[in-house]
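The sequence lines fix the lettering, A, B, ..., with proteins before strands; numbering per chain opens at 1. Note: hydrogens, waters and symmetry copies are ignored here, and every other heavy atom, side chains too, is used.
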Number of protein chains: 2
Amino acid sequence: MSDRARHIPEATVARLPVYLRSLAELVDDKIATVSSERLAEMAGVNAAKVRKDLSYLGSYGTRGVGYDVEYLLFQMSRELGLTHDWPVAIVGAGNLGSALANYGGFTQRGFPVVAMFDADRAKVGRRVHGVLVHHTDDIVELAAELGIGIGVIATPASAAQDVADKLVAAGVGSVLNFAPTVITVPEGVSLRKVDLALELQILSFYQEHREPAG
Amino acid sequence: MSDRARHIPEATVARLPVYLRSLAELVDDKIATVSSERLAEMAGVNAAKVRKDLSYLGSYGTRGVGYDVEYLLFQMSRELGLTHDWPVAIVGAGNLGSALANYGGFTQRGFPVVAMFDADRAKVGRRVHGVLVHHTDDIVELAAELGIGIGVIATPASAAQDVADKLVAAGVGSVLNFAPTVITVPEGVSLRKVDLALELQILSFYQEHREPAG
DNA sequence: GTGACCATGTGAACGGGCGCACTAGCGTCT
DNA sequence: AGACGCTAGTGCGCCCGTTCACATGGTCAC
Ligand SMILES: NC(=O)c1ccc[n+]([C@@H]2O[C@H](COP(=O)([O-])OP(=O)(O)OC[C@H]3O[C@@H](n4cnc5c(N)ncnc54)[C@H](O)[C@@H]3O)[C@@H](O)[C@H]2O)c1
Ligand SMILES: NC(=O)c1ccc[n+]([C@@H]2O[C@H](COP(=O)([O-])OP(=O)(O)OC[C@H]3O[C@@H](n4cnc5c(N)ncnc54)[C@H](O)[C@@H]3O)[C@@H](O)[C@H]2O)c1
């Protein structure tokens, strides 16, 4: 199976979850088949792009008919590795880290938050939404033990690189960084970032340069 | 000024805030000039890319020397429209919306949260980090009055499109969507999204397809 | 003043992704 | 049975962005 998926373009990978969500909606609405056009509309992209993206997964459509919603949903889930849970650890039990832990949407989507870590001893031992806060010194040991697949960094920027290093040392293969700073990880470790200030500044740019005529 | 900036590639725009932050760090460290190479290292990109990106803003470097940190910082701030504040409104005073409002980093970076909105009358009238929660019915009227530039959507997915429509009707030119759903806005309105579940699923994909050899 | 040095700015080649437009193939209706 | 209609799958040209490599032009030492 990882033979066909020898290389799926990054841009396509980033769209798969959007299709997945659209498919889930269709299942909820008890719609059995869907055309690339309809799916494109739901995902906010071009229909040809949808077809090309889906063709990377295999030929799961039927010409003249469309795609079987449930079957495609299953194949895509499998491709995305969503047929099993990915335990998540959140580092930084502050404002943001707690909000994330309190959010049920992650567990529901197969990303259970199984541990939190913080450098502040006053926070160690507390529970956030039932999740125990451990000390950062224990990341390496505990992350391996708990089988952490994804580490979420919600510490101040100054600590982010250090935390990332610890997560990598613990064998965590994927890191999601919320701290507003550039961090680096070794090859073979996946890194993505969510940077709200950056998003706002991008919006600011376009708003500033918008044609006053409209 | 909007003559030279007739067209800055989107990819470049997305990197400018990263450079900006790097420059701010250099100012803190009292470093007066910086080379494209050093800046590239800090921003985690290629040096040639830095030079090309910066060249879109103008010829602010000095050959043989590098870039004057403070001058470049000023020019970039101006280009990004950060020389003045952009009032922000958050719609959805729940878990996430409150966390965002409680976060001081936005005001500090020139994006003061001046209003919150919620459909739940039990929440209307409350204050979150000093910000008053209004009813969503008042978005159109109040957003215009308060001069809202950017609207942040932190409601459930089912309400997101409706909220976006209200924001647009209120003349808000930029929307940042946290709800896990695709929303559309008219041409001329900027839209960006932050989707945590999507990020986790992308990480899941790469982790699933990682070569077991390492 | 002159020459060696150094980093910017940019032309050009390259690569990836996008979308058009065509072909392939399934289902259905006559 | 055959023709028609519909939609998946895809080859191809185009465009945007990245990167290399070099010429340009400024600084500094002497
Ligand atoms: N809160 C938001 O809405 C928001 C929005 C955008 C970005 N962010 C970013 O997210 C990060 C966290 O924000 P926050 O509001 O939760 O901050 P916070 O100060 O509330 O929480 C930070 C937590 O990290 C812990 N910490 C500090 N150093 C640590 C270390 N070395 N190892 C482990 N834990 C450590 C602190 O003890 C604290 O509990 C920051 O980088 C911030 O810029 C937050
Ligand atoms: N909390 C998180 O960490 C987190 C993480 C990722 C994504 N999200 C997404 O962010 C959104 C908000 O999450 P949350 O945890 O804050 O949910 P929440 O239920 O705590 O808050 C949602 C708020 O929106 C309000 N609301 C509902 N309908 C509305 C409408 N039509 N107009 C205005 N307000 C309305 C509700 O009254 C509530 O206050 C959701 O779409 C969620 O999927 C949240």
Side-chain angles (χ1 to χ4, degrees), chain A residues 4-19 22-23 26 31-76 79 182 202 205-206 209, chain B residues 4-19 22-23 26 31-73 75-76 79 182 202 205-206:
Chain A
R4 185 186 313 93
R6 51 196 170 276
H7 197 236
I8 300 185
E10 241 182 276
T12 295
V13 172
R15 279 188 295 270
L16 293 183
V18 181
Y19 301 142
S22 303
L23 291 171
L26 291 169
I31 294 171
T33 61
V34 64
S35 68
S36 61
E37 197 155 353
R38 175 91 183 85
L39 201 50
E41 189 194 323
M42 295 180 76
V45 299
N46 180 294
K49 206 186 283 184
V50 170
R51 290 197 295 274
K52 188 157 286 186
D53 284 344
L54 297 185
S55 75
Y56 287 114
L57 309 182
S59 282
Y60 296 139
T62 307
R63 293 169 191 235
V65 177
Y67 300 90
D68 182 285
V69 173
E70 291 210 22
Y71 185 59
L72 185 57
L73 183 64
F74 168 74
Q75 292 296 347
M76 198 174 290
E79 195 70 36
V182 174
I202 292 172
F205 173 89
Y206 286 111
H209 289 96
Chain B
R4 182 183 318 92
R6 53 194 169 280
H7 199 233
I8 299 185
E10 239 182 278
T12 295
V13 173
R15 280 188 295 269
L16 293 182
V18 181
Y19 301 141
S22 304
L23 290 171
L26 291 168
I31 294 170
T33 61
V34 65
S35 68
S36 61
E37 198 155 351
R38 176 92 183 83
L39 201 50
E41 190 195 323
M42 295 180 76
V45 298
N46 179 295
K49 206 185 280 185
V50 170
R51 290 199 294 277
K52 187 149 281 186
D53 284 345
L54 297 185
S55 75
Y56 288 114
L57 308 181
S59 281
Y60 296 139
T62 308
R63 291 166 192 239
V65 178
Y67 300 90
D68 182 284
V69 173
E70 292 210 20
Y71 185 59
L72 184 57
L73 183 64
Q75 292 294 347
M76 197 174 291
E79 196 69 37
V182 174
I202 292 171
F205 173 89
Y206 286 111

DNA chain C-proximal residues of residues 61-72 of chain A, any heavy atom under 4.0 Å:
A:T62, A:R63, A:G64, A:V65

Quick one, which residues of residues 33-41 of chain A touch DNA chain C with a heavy atom under 4.0 Å?
none

Are B:T33 and B:T62 close enough that some pair of their side-chain heavy atoms sits under 4.5 Å apart?
no

Mapping A:R51 and A:P9 to their closest nucleotides on DNA chain C, which lands nearer the 5' end?
A:P9

If the condition is side chain to side chain contact (heavy atoms under 4.5 Å, CB included), which residues does A:V13 pass it with, not counting sequence neighbours?
A:I8, B:I202, B:F205, B:Y206

Gap separating the OG atom of B:S22 from the CE atom of B:M76, nearest 0.5 angstrom
9.0 Å

Below 4.5 Å, heavy atoms only, C-beta onward: do A:D53 and A:R15 meet side chain to side chain?
yes

Please enumerate all residues that pass ring-ring contact (aromatic ring centres under 6.0 Å, His included) together with B:Y71, with sequence neighbours excluded.
B:Y60

For the side chain of A:S59 and the backbone of A:S55, is there at least one donor-acceptor N/O pair under 3.5 Å apart?
no

All pairs passing salt bridge (charged side-chain N to carboxylate O under 4.0 Å, His left out) where residues 63-75 of chain A contributes a residue, at least two apart
none

Which pairs of donor and acceptor atoms, one on a side chain in residues 37-48 of chain A, lie under 3.5 Å apart (sequence neighbours left out)?
| from | atom 1 | to | atom 2 | distance (Å) |
| --- | --- | --- | --- | --- |
| A:N46 | OD1 | A:A48 | N | 2.6 |
| A:N46 | OD1 | A:K49 | N | 3.4 |

Can you give me the first and the last nucleotide of DNA chain C (5' to 3') that has an atom within less than 4.0 angstrom of a non-hydrogen atom in chain B?
C:dC6 to C:dA12

Do B:Y19 and B:V50 come close enough that some side-chain heavy atom pair is under 4.5 Å?
yes

Pairing residues for B:S35 by the side-chain hydrogen bond (donor to acceptor under 3.5 Å, both in side chains) criterion, not counting sequence neighbours:
none

Set of residues satisfying salt bridge (charged side-chain N to carboxylate O under 4.0 Å, His left out) with respect to B:R51, sequence neighbours excluded
none

When you look at B:E79 and B:L57, which way does the side-chain contact (heavy atoms from CB on, under 4.5 Å) test go after all the steps?
CA-CA 7 Å; B:E79 196 69 37; B:L57 308 181; 3.5 Å; yes

Using a 4.0 Å cut-off to any heavy atom of chain B, which nucleotides of DNA chain D are the first and last in contact, reading 5' to 3'?
D:dG17 to D:dT27

